[in-house]
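These notes are about the structure you will find just below.
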Amino acid sequence: MSKAAPGRRPASAQGRTRSRALVAERALHASNTLLQALTAAQLEFIGGSDAHILFDKLLALLLELTESEYGFVGEVLRDEHGSPYLRTLAITNSAWTDELRVSYAHGATQGVEFRNLETLFGHVITTGEPLAANEARTDPRAGGLPSGHPPLDAFLGLPLKSGDEMVGMVGIANRPGGYGPELIEFLQPFVATCCSIILGWRGQRQRLHTEELLRQHEEELQRHRDHLEELVQSRTESLLHTTVALEERQAQLLHSERMASLGQLVAGIAHEINNPLGYITSNLATLTQYLSVFTELLELHRELADGLGELQGPQAELRQRIRTLQEQEDLDYLLGDVSDLLNDSREGAHRVADIVQSLKAFVREDSKQPELVDVNKELATTLKVVWNQLKYRCEVKCDYAQVPPILGRPAQLNQVFTHLLLNAVQAIPERGTIHVTTLHEADEVLVRISDTGHGMRPEVLSKIFSPFFTTKPPGKGAGLGLSISEGIVTSHKGRIEVKSQFGQGSTFTIRLPVAKDL
């Protein structure tokens, strides 16, 4: 066998290298596409997008990435006897008759239910384990197909689990070449995201159910109030106090349901972001090390080329080609630009990590016991969490003074800051400014949030702290944010002051006592 020329690899080795590089590039592209789509889906869900629409998008992406023919994403529920069954959240219309096509079109939004578990997908539901059947037609676990059904050559079922609980499953079919362990591992972020969204959606459904019950109770209370107006002279004050206490308890119940749902979803998303972020940070650090090796190697190569003196024949031609390539591609610029790109990427990864840490701090469990609180720090954390709601509508100016700590519960104070900031941006019609200021006056710490929004008329200003009072359209708000905020501030032995002029904006000032005996 003849040897390759010195300094050159055989053509077959070069081909294999290019092939491996192409495969790695395709895998990286698919991974990036998947992570970008999952991040976008999570953000859309937080923003209030319909879960069915999100799962339709995710299913389309899954079929494209895996080159599968059809599939579904479903939620696992239980009937009155405790037996599990599947209700689809997104499904490919694989119907083979006009009647079934109409049924699939109707079931796309309502969900198609499958209760026969003597099937391949039923095996996934009952065992809670992934199933890859690349000979689906002859697989003994298959339940068979109805006449006319599109062929099922290969099937992959992936369970969606939260701990030991079976939350749902994903099923895809007919990928050329079948399904293997590498694909199952690649789809784990997709599985985790679907599970997180289903859990968040369940929390939303529970919250909406609770809100409906509370509204029914409020309507009943309103009927009682109308009757009380006729008998007010004969009733005692104790009845009025009982009614107010009941309203406050209802408000706290609704608030707890909302925060529990938000906390579960945000904590799950923060956890899922941390996983790919760890890969990115680690890979950037490794690439930086590699770059230093490549840079040093290129410098040594230059020194070697310059020290060889006059060369003849092919060696001289090769050195000239190298020099020409260096001049055409501006190698010094490329090396410097790669370093700058890596630095920018590391900075971006650190920013994402900072945002994730802020999310975790924002939804941390309430300790139920007061502790020393840095108001400036909690305001900064809250602003990071709600920044996506603010940045497109307003400019935020912060003026933090050096203030002493207060004694309080950080999770509750973050809720107050969140309500006031979101109310401020919602009051701005197009584009405006929110000014956040902290001050130390006497024995109080002041937090002042001002906006350049539409302001409030006197008749509205007098009612803003009343439970269930809202100026928003039906379904856009329950009218509890300011009422709950006032209750939280009062429990911290503080108070909320408000000034507003219609057409010129509003200013809310929170006064909290400085912690004593520090």
Side-chain angles (χ1 to χ4, degrees), residues 241 244-260 262-263 266 358-386 398-424 434-451 461-469 478-500 506-518:
H241 291 317
V244 173
L246 179 58
E247 290 179 341
E248 292 177 351
R249 290 179 61 187
Q250 290 174 328
Q252 291 294 339
L253 175 60
L254 177 57
H255 174 69
S256 298
E257 289 288 342
R258 284 179 169 174
M259 292 309 297
L262 176 63
V266 172
S358 297
L359 284 172
K360 288 184 175 181
F362 184 79
V363 299
R364 62 187 180 275
E365 184 177 356
D366 193 346
S367 64
K368 308 299 182 182
Q369 296 296 328
E371 57 187 84
L372 292 179
V373 179
D374 183 345
V375 171
N376 291 342
K377 179 180 177 181
E378 298 305 326
L379 276 169
T381 296
T382 303
L383 279 169
K384 289 179 182 178
V385 173
V386 301
C398 298
D399 185 9
Y400 298 152
Q402 290 188 352
V403 296
I406 67 165
L407 195 63
R409 292 160 68 175
Q412 291 189 353
L413 292 174
N414 283 338
Q415 294 166 21
V416 175
F417 300 151
T418 299
H419 284 310
L420 295 183
L421 287 169
L422 293 182
N423 281 350
I434 294 178
H435 200 161
V436 181
T437 308
T438 58
L439 299 168
H440 179 204
E441 289 185 0
D443 58 350
E444 292 181 326
V445 172
L446 277 62
V447 177
R448 187 167 289 145
I449 299 177
S450 303
D451 65 73
L461 193 60
S462 64
K463 300 177 182 178
I464 58 173
F465 293 113
S466 300
F468 300 103
F469 174 78
L480 294 172
L482 289 176
S483 174
I484 291 173
S485 297
E486 184 186 39
I488 291 174
V489 173
T490 300
S491 69
H492 284 71
K493 297 181 172 56
R495 62 187 187 279
I496 296 183
E497 300 171 351
V498 57
K499 294 181 180 179
S500 183
S506 304
T507 297
F508 285 81
T509 302
I510 304 171
R511 294 179 175 269
L512 298 166
V514 173
K516 302 295 184 181
D517 301 326
L518 295 179

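Computed over heavy atoms, backbone and side chain alike; hydrogens, waters and symmetry mates excluded. Everything numeric in this text was worked out from a predicted model, so none of it was measured.
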Next on the checklist: Go through it in stages, so that I can follow the logic: the residues are Ile510 and Phe417, the test is side chain to side chain contact (heavy atoms under 4.5 Å, CB included), and I'd like the CA-CA distance, side-chain angles, deciding distance and then a yes or no.
Outcome noted: CA-CA 10 Å; Ile510 304 171; Phe417 300 151; 3.9 Å; yes
Next on the checklist: Quick check against the 3.5 Å criterion: does His492 have a side-chain atom that pairs as donor or acceptor with the backbone of Arg409?
Outcome noted: yes
Checklist entry - Do you know which two heavy atoms are closest between Pro405 and Val514, and how far apart they sit? => result O-CG1, 3.9 Å
Checklist entry - So how far is it from Lys377 NZ to Tyr400 OH, rounded to the nearest 0.5 Å? => result 13.5 Å
Checklist entry - Between Val447 and Leu420, is a side chain to side chain contact (heavy atoms under 4.5 Å, CB included) present by the stated rule, with each step listed? => result CA-CA 11 Å; Val447 177; Leu420 295 183; over 6 Å; no
Next on the checklist: Give me the atom names and distance for the closest heavy-atom approach of Pro370 to Leu407.
Outcome noted: CB-CG, 4.0 Å
Checklist entry - Is there a donor-acceptor pair under 3.5 Å between the side chain of Asp443 and the backbone N or O of Pro513? => result no
Checklist entry - Taking all non-hydrogen atoms of both residues, which atom of Glu444 and which atom of His440 are closest, and how far apart? => result O-CD2, 3.3 Å
Checklist entry - Given the rule in the side chain to side chain contact (heavy atoms under 4.5 Å, CB included) test, do Glu378 and Leu413 qualify, once you have shown the distances and angles that lead to the verdict? => result CA-CA 8 Å; Glu378 298 305 326; Leu413 292 174; 5.6 Å; no
Checklist entry - Taking Thr509 as the fixed residue, which of Lys499, Arg448, Glu497, Arg495 is the one that meets the side-chain hydrogen bond (donor to acceptor under 3.5 Å, both in side chains) rule? => result Arg448
Checklist entry - For residues Asp399 and Thr437, is any side-chain donor paired with an opposing acceptor at under 3.5 Å? => result no
Next on the checklist: Are the side chains of Val373 and Leu512 in contact, using a 4.5 Å heavy-atom criterion?
Outcome noted: no
Next on the checklist: With a 3.5 Å distance limit and no angle check, can you tell me whether Thr438 reaches the backbone of Ala401 through a side-chain donor-acceptor pair?
Outcome noted: yes
Next on the checklist: So, taking the atom named CG in Asp451 and the one named OG1 in Thr507, what distance separates them when rounded to the nearest 0.5 Å?
Outcome noted: 7.0 Å
Checklist entry - Got a second to check how far Leu461's CG is from Ser506's OG, nearest 0.5 Å? => result 7.5 Å
Item to check | Minimal non-hydrogen separation, Val489 against Arg511, with atom names | outcome: CG1-O, 4.4 Å
Checklist entry - How long is the span from the CD1 atom in Ile406 to the CD atom in Glu371, to the nearest 0.5 Å? => result 10.5 Å
Checklist entry - For the side chain of His419 and the backbone of Leu421, is there at least one donor-acceptor N/O pair under 3.5 Å apart? => result no
